[in-house]
Amino acid sequence: MDERSYLARTDRIGLRHFTLADEAEFTARARESRELHHPWLFPPDTPATYRAYAKRLIESPDKEGFLICDRTDGGAVAGYVNINNIVHGAFRSGALGYGAFAHAAGRGLMTEALDALVRYAFAPPLNLHRLEINVQPDNARSLALARRAGFAREGLSPRMLFVDGAWRDHERWAVTAEMVPRRPDGTDPTGPTRRNPTRPT
């Protein structure tokens with residue numbers, strides 16, 4: 001993987017935009033991860049559903065989709081994190097959706113990815129101020145990840161989203177730019193090692 005494609009990175013992961021060329025790897029990992037994801041996540045696992053999903057992320061002005069790539073494994077796709085429902089103006093907010101694939105779960109890569117994503121989203125060019133995560137109350141792993149990533153619980157939204165055949169309650173967790181800790185050297189926390197390449201298609 002060309003390191004120049006990463007928009008944000010840590011020692012172990014890099015974030016880059018989805019491309020249509022990622023179809024085979026993404027769908028294979030999604031199929032391998034069905035047991036891990038059920039009943040919380042249903043990422044696309046066929047060529048047709050992947051193409052529709054990726055095109056929305058690539059083309060929609062209110063979405064930003066990122067693949068989480070394992071830099072210790074040649075850039076293999078370890079998961080994904082998307083910013084949905086982006087609103088600018090006075091709100092400057094977005095909602096996160098994410099998932100790890102089974103082969104990479106339990107290694108702390110998602111924690112690193114959310115940290116990198118938050119810092120990326122709060123800096124130019126996105127310049128967001130608030131990110132929220134909506135999690136079903138029984139999804140213990142996702143709730144723990146939200147806590148580790150510095151999000152604060154705001155409340156419960158009853159019957160918020162239609163998931164797996166029913167309207168499900170979701171806990172709301174959020175972080176704002178002011179909540180991101182400053183680095184030990186005192187520098188701006190919204191300035192990670194990053195690049196801003198042209199979005200691929």
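Given the structure is predicted, the values throughout are model-derived calculations rather than measurements. Residues: numbered from 1 along the sequence shown.
- More than 12 non-hydrogen atoms from other residues, nucleotides or ligands lie less than 6.0 angstrom from CD of E178.
- Ring centroid separation for the pair F122 and H129 does not come in under the 6.0 Å cut-off.
- Between F162 and W167, the angle of the ring planes goes over 60°, which puts this pair in the perpendicular group of the 30/60° scheme.
- Within the 4.5 Å cutoff, the side chain of L145 has heavy atoms near those of the T111 side chain.
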**Message:** Set out, in order, the CA-CA distance, both residues' side-chain angles and the distance that settles salt bridge (Lys or Arg N to Asp or Glu O under 4.0 Å) for R153 and E171, then state yes or no.
**Reply:** CA-CA 7 Å; R153 187 180 187 275; E171 292 187 18; 3.0 Å; yes
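- Nearest heavy-atom pair across D169 and P158 is OD1-CA, 3.2 Å.
- Of all non-hydrogen atoms in P137 and L156, the two that sit nearest each other are CG-CD1, 4.0 Å.
- No donor-acceptor contact under 3.5 angstrom links the side chains of R16 and S5, judged on distance only.
- The main-chain N or O of D62 is never found under 3.5 Å from a side-chain atom of S60 such that the two would form a donor-acceptor pair.
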**Request:** Go through the steps for L15 and L67 under the test side chain to side chain contact (heavy atoms under 4.5 Å, CB included), then give the verdict.
**Result:** CA-CA 6 Å; L15 300 180; L67 293 173; over 6 Å; no
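- Between I13 and R71, the shortest heavy-atom contact is O-CD, 3.3 Å.
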Identify every side-chain donor-acceptor pair in residues 73-82 under 3.5 Å, counting partners at least two apart or on other chains, and give the distances.
unit_1, atom_1, unit_2, atom_2, d
N82, ND2, Y53, OH, 2.7

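- For R92 (side chain) and N127 (main-chain N/O), a donor-acceptor pair under 3.5 Å exists by modelled atom type.
- For E112 against D11, the heavy-atom pair with the smallest separation is OE1-N, 4.5 Å.
- With sequence neighbours left out, W40 forms a ring-ring contact (aromatic ring centres under 6.0 Å, His included) with no residue at all.
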**Request:** Give the C-alpha distance, both sets of side-chain angles, the deciding distance and a yes or no for side chain to side chain contact (heavy atoms under 4.5 Å, CB included) between L117 and L131.
**Result:** CA-CA 10 Å; L117 185 280; L131 292 170; 4.2 Å; yes
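- Between the side chain of S33 and the backbone N or O of A102 there is at least one donor-acceptor pair closer than 3.5 Å.
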**Message:** What verdict does the side chain to side chain contact (heavy atoms under 4.5 Å, CB included) test give for D70 and H103, after you've listed the backbone C-alpha separation in whole Å, the side-chain angles of each residue and the deciding distance to 0.1 Å?
**Reply:** CA-CA 11 Å; D70 184 351; H103 76 287; over 6 Å; no
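- The aromatic rings of H37 and F101 sit tilted, their planes meeting at an angle between 30° and 60°.
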**Message:** Apply side chain to side chain contact (heavy atoms under 4.5 Å, CB included) to residues W173 and E132 and explain how you reach the verdict.
**Reply:** CA-CA 5 Å; W173 292 70; E132 87 174 35; over 6 Å; no
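- Smallest separation of non-hydrogen atoms from F66 and L7: CE2-CD2, 4.4 Å.
- Cluster annotation: F151 is not connected to M160 through the hydrophobic network of ILVMFWY side chains, with a link wherever side-chain heavy atoms come within less than 4.5 Å.
- Taking every heavy atom of both residues into account, A174 and R130 meet most closely at CB-NH2, 3.5 Å.
- Around atom CZ of R148, more than 12 heavy atoms belonging to other residues, nucleotides or ligands sit under 6.0 Å away.
- Of the residues listed (H38, R31, E32), the one engaging R34 in a side-chain contact (heavy atoms from CB on, under 4.5 Å) is R31, and it is the only one.
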